[in-house]
Asks: 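Below you'll find the structure I mean.
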Amino acid sequence: LVREQRLGVAERLMLLSDSSLLARSGRQSFATTLRLLENYAQEDREPVWDIMALVLADGRRFIDADSALELPIKRQLRTLIQAQFDRLGWQERKHEPVEDTKLRALIIGLGVYAEHAAITNEARAMFKKYQADPAVVPAELRSVVFDAPIRHGDEDAFKYLLELEHDTSNVDLKYDIVSALTNTREPAKAKQLLARLKNADLVRPQDIARWLAYLLRNRYVRREAWNWLRDNWGWIEETFGGDKSYDMYPRYVASAFNTRELLEEYKAFFGPKAEDIALARNIAIGVEEVENRVAWLEHDLASVQAYFKR
């Protein structure tokens, strides 16, 4: 029914969402959700793809439990996006629906993550064109175009974007750059970014949480971000203790952690800080969130490994 789109958009969306929730609650294996996802290869509606992207993001968490899953997960993703990439391409069509414009950005972004050769090569080529003329890259594709060279260790792109982020007053452009730079796979680059955070001439205080949250989500440099946060907690407390964003730091960390080792480190670091009434609630929520996620990943890991070994 899904493959032939005999179900409506809302039904296709809810079917996949419910399957994912059943897996997260332990009532079925996440491998069942992955098998269901195979039927969405011809899906052409952006609201459904939003849910597909969330399910795919959940699937990527298993990579922290078994790094060998990264290649088959990316291979599956390249298969899923191919039909829509063939349909939408890079160029916006005259009078195309807004939904297609948004879906194009999502598909191309997933393609860059999945190392889809055609998408990645074009994104890197467009980045060079952007450097000569920023107008050639539509705003909705800008973060994806910035992302591709950073993921592939392009030193010149890193320097260019770092300088541009500092010089521009365009907030949307700044955030697109932050999103790209924090996808570096190089710990040394992450340390370079982290070293800037306490310098208000380089990073606006209101942007520090964004830099940290994005680096924590990046499995390649998560350890560097986590170490920096712990080493500099006194400064964070002093700088943001009276700010409404202060209590969110435990949540940012919890949202990124997927292993029992990091769960124990989380509890060891934030446990004593639960005496601070401003942090207590979000620390408790964070512990429960990571505990539930780790239990789910450990429970379903074998079935997900078997699914990708078929």
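Starting from 1, each residue takes its place in the sequence as its number. The structure presented is a predicted model; accordingly, all values stated were derived computationally and were not measured.
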Asks: Do I73 and L71 land in one hydrophobic cluster if side-chain heavy atoms of ILVMFWY residues count as linked below 4.5 Å?
Replies: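 No.
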Asks: Does atom CZ of R281 have more than 12 heavy-atom neighbours, drawn from other residues, nucleotides or ligands, at distances under 6.0 Å?
Replies: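 Incorrect, the count does not exceed 12.
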Asks: Does the distance from a Lys or Arg side-chain N to an Asp or Glu carboxylate O, for E155 and K189, drop under 4.0 Å?
Replies: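 Looking at E155 and K189, the cut-off is met.
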Asks: Is a donor on one side and an acceptor on the other found under 3.5 Å between the side chain of R12 and the backbone of L7?
Replies: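 Side chain of R12 to backbone of L7: a pair is present.
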Asks: May I ask you to decide if L22's main-chain N or O and S25's side chain share a donor-acceptor pair within less than 3.5 Å?
Replies: yes
Asks: Under a 4.5 Å side-chain heavy-atom rule over Ile, Leu, Val, Met, Phe, Trp and Tyr, are W235 and L194 clustered together?
Replies: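 Yes, one cluster joins them.
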Asks: Going through the checks in order, is the salt bridge (charged side-chain N to carboxylate O under 4.0 Å, His left out) test met by E265 and R223?
Replies: CA-CA 11 Å; E265 291 182 19; R223 175 58 62 182; 2.8 Å; yes
Asks: Answer yes when K191 and E224 have at least one side-chain N-carboxylate O distance shorter than 4.0 Å, and no when they do not.
Replies: no
Asks: Looking only at heavy atoms, which two atoms of A274 and A280 are closest? And how far apart?
Replies: O-CB, 3.2 Å
Asks: Let me check something: do F257 and I285 share a hydrophobic cluster, defined by ILVMFWY side-chain heavy atoms less than 4.5 Å apart, either directly or through other members?
Replies: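 No; tracing contacts between hydrophobic side chains, which count when under 4.5 Å, never links both residues.
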Asks: Compute both the distance and the angle, then confirm whether K267 meets the cation-pi test with F269: under 6.0 Å from the six-membered ring centre, within 45 degrees of the axis.
Replies: no
Asks: With the threshold set at 4.0 Å, does a side-chain nitrogen-carboxylate oxygen contact exist between E237 and K273?
Replies: no
Asks: Is the closest side-chain heavy-atom distance between L56 and L37 below 4.5 Å?
Replies: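 Side chain of L56 against side chain of L37, heavy atoms only: contact under 4.5 Å found.
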Asks: Considering only heavy atoms from C-beta outward, does the side chain of Y246 approach that of T239 to under 4.5 Å?
Replies: no
Asks: Quick one: are the ring centres of W49 and Y40 less than 6.0 Å apart?
Replies: no
Asks: Think R310 forms a cation-pi with Y307, using NZ or CZ under 6.0 Å from the six-ring centre and within 45 degrees of its axis?
Replies: yes
Asks: Does R219 use its side chain to pair, donor to acceptor, with the backbone of D64 at less than 3.5 Å?
Replies: no
Asks: Are any of the side-chain heavy atoms of I81 and I119 separated by less than 4.5 Å?
Replies: yes
Asks: Any donor and acceptor pair, going by atom type alone, linking the side chain of D100 with main-chain N or O of L88 inside 3.5 Å?
Replies: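 No, the answer is negative, given that no donor and acceptor are paired below the 3.5 Å cut-off.
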Asks: Between the main-chain N or O of V203 and the side-chain N or O of D207, is there a donor-acceptor pair closer than 3.5 Å?
Replies: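 Not at all, since once roles are kept as given, no pair shorter than 3.5 Å links the two residues.
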Asks: Same hydrophobic cluster for L13 and L54, using side-chain heavy-atom links shorter than 4.5 Å among ILVMFWY?
Replies: yes
Asks: Just wondering, more than 12 heavy atoms not from Q91 lying within 6.0 Å of its CD?
Replies: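 No, CD of Q91 has 12 or fewer neighbouring heavy atoms, counting only those of other groups under 6.0 Å.
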Asks: For the residue pair Y249 and I208, establish whether any side-chain heavy-atom pair is separated by less than 4.5 Å.
Replies: yes
Asks: Is any side-chain heavy atom of W226 closer than 4.5 Å to a side-chain heavy atom of R230?
Replies: yes
Asks: Quick test of your reading of the model: are E140 and K102 salt-bridged, counting only N-O distances below 4.0 Å?
Replies: no
Asks: E92 vs R104, test: salt bridge (charged side-chain N to carboxylate O under 4.0 Å, His left out). Steps then yes/no.
Replies: CA-CA 9 Å; E92 182 176 344; R104 176 182 295 105; 5.3 Å; no
Asks: Taking the side chain as every heavy atom from C-beta outward, state whether E43 and Q84 have any atom pair closer than 4.5 Å.
Replies: no
Asks: Have T120 and E115 got a donor and an acceptor in their side chains that come within less than 3.5 Å?
Replies: no
Asks: Do Q82 and H116 get their side chains close enough for a donor-acceptor pair, meaning under 3.5 Å?
Replies: yes
Asks: Under a 4.0 Å threshold between the charged nitrogen and the carboxylate oxygen, would R60 count as salt-bridged to E70?
Replies: no
Asks: Looking at residues at least two apart in the chain, or sitting in another chain, which of them share a side chain to side chain contact (heavy atoms under 4.5 Å, CB included) with N183?
Replies: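 Counting only residues at least two positions away or on another chain, N183 forms a side chain to side chain contact (heavy atoms under 4.5 Å, CB included) with D147, R151.
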Asks: Thinking salt bridges, do R142 and D172 make one under a 4.0 Å N-O criterion?
Replies: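 The answer is no: the pair does not qualify as a salt bridge.
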Asks: For residues Q28 and S19, report the shortest heavy-atom separation together with the two atoms involved.
Replies: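 In this case the closest contact between Q28 and S19 is NE2-OG, 2.8 Å.
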Asks: Strictly distance-based, threshold 3.5 Å: is any side-chain N or O of S20 a donor or acceptor partner for the main-chain N or O of S17?
Replies: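 It does not hold such a pair.
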Asks: Looking at E11 and R45, does any basic side-chain N land under 4.0 Å from a carboxylate oxygen?
Replies: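 No, this pair does not count.
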Asks: Are the ring centres of W211 and Y175 closer than 6.0 Å?
Replies: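 Between Y175 and W211, which both carry aromatic rings, the centre distance is not below 6.0 Å.
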Asks: Can you tell me if CD on E288 sees more than 12 non-hydrogen neighbours from other groups inside 6.0 Å?
Replies: no
Asks: Mind checking what makes side chain to side chain contact (heavy atoms under 4.5 Å, CB included) contact with R75, not counting sequence neighbours?
Replies: P72, R78
Asks: I'd like to know if the side chain of D300 reaches the main chain of F30, judged simply by a donor and an acceptor atom lying under 3.5 Å from each other, with no hydrogens or angles considered.
Replies: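 Yes: the side chain of D300 pairs with the backbone of F30.
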Asks: Calculate, to the nearest 0.5 Å, the distance between atoms CD1 and CG belonging to I277 and D247 respectively.
Replies: 11.5 Å
Asks: Do F127 and Y160 have ring centroids that are under 6.0 Å from one another?
Replies: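 Between F127 and Y160, which both carry aromatic rings, the centre distance is below 6.0 Å.
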Asks: I'd like to know if the side chain of Q305 pairs up with that of D66 as donor and acceptor (distance under 3.5 Å, no hydrogens or angles considered).
Replies: yes
Asks: Is there a continuous path of hydrophobic side-chain contacts, each under 4.5 Å between heavy atoms, that joins L173 to L202?
Replies: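 Yes, because L173 and L202 connect within a single hydrophobic cluster, where side-chain heavy atoms sit under 4.5 Å apart.
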Asks: Flag yes if more than 12 heavy atoms outside H152 fall under 6.0 Å of its NE2 atom; otherwise flag no.
Replies: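 It does: H152 NE2 has more than 12 such atoms within range.
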Asks: What's the spacing between M52 CE and I107 CD1 if we round to 0.5 Å?
Replies: 7.0 Å
Asks: Give a yes or no on whether the backbone of W228 and the side-chain of N232 come within a donor-acceptor separation of less than 3.5 Å.
Replies: yes
Asks: So with a 6.0 Å cut-off around CD of E264, is the heavy-atom count from everything else above 12?
Replies: yes
Asks: Please determine, by modelled atom types, if D243 and S245 share a side-chain donor-acceptor pair under 3.5 angstrom.
Replies: yes
Asks: Is the shortest side-chain heavy-atom distance between L262 and V290 below 4.5 Å?
Replies: no
Asks: Under 4.5 Å between any side-chain heavy atoms of V294 and N258, yes or no?
Replies: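 SC-SC contact between V294 and N258 ruled out.
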